[in-house]
Asks: 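Mind having a look at this structure? Questions to follow.
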Amino acid sequence: MLFASLTLFRQPLTFVATKWQTLIRVAGDPYRPELHYMRGPGPKWRAKYQASRVNRGL
């Protein structure tokens with residue numbers, strides 16, 4: 001009787017435990033990709049297009 005009742009609770013308990021572990025793993029992940037994106041053109045881009053802007057002014 002005790003074994004049957006434990007078997008009935010095993011599947012839902014496993015499901016809840018798995019979801020809880022996933023939540024803890026995702027919430028504790030320190031990686032924030034928005035901090036690593038480029039924020040505009042770099043110096044090579046400016047050097048290339050600044051020269052073309054100066055030449056257009058003539």
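By convention here, the first residue in the shown sequence is residue 1. Model, not experiment: these values are computed from the prediction. In what follows, every heavy atom counts, from backbone to side chain, and hydrogens, waters and symmetry copies are set aside.
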Asks: Do F15 and Q11 come within less than 4.5 Å of each other through their side chains, counting heavy atoms only?
Replies: no

Asks: Is the shortest side-chain heavy-atom distance between R10 and T14 below 4.5 Å?
Replies: yes

Asks: Nearest 0.5 Å please: distance from the CG atom of L13 over to the OG1 atom of T18.
Replies: 9.5 Å

Asks: Got a second to check how far R25's CZ is from W20's CH2, nearest 0.5 Å?
Replies: 13.5 Å

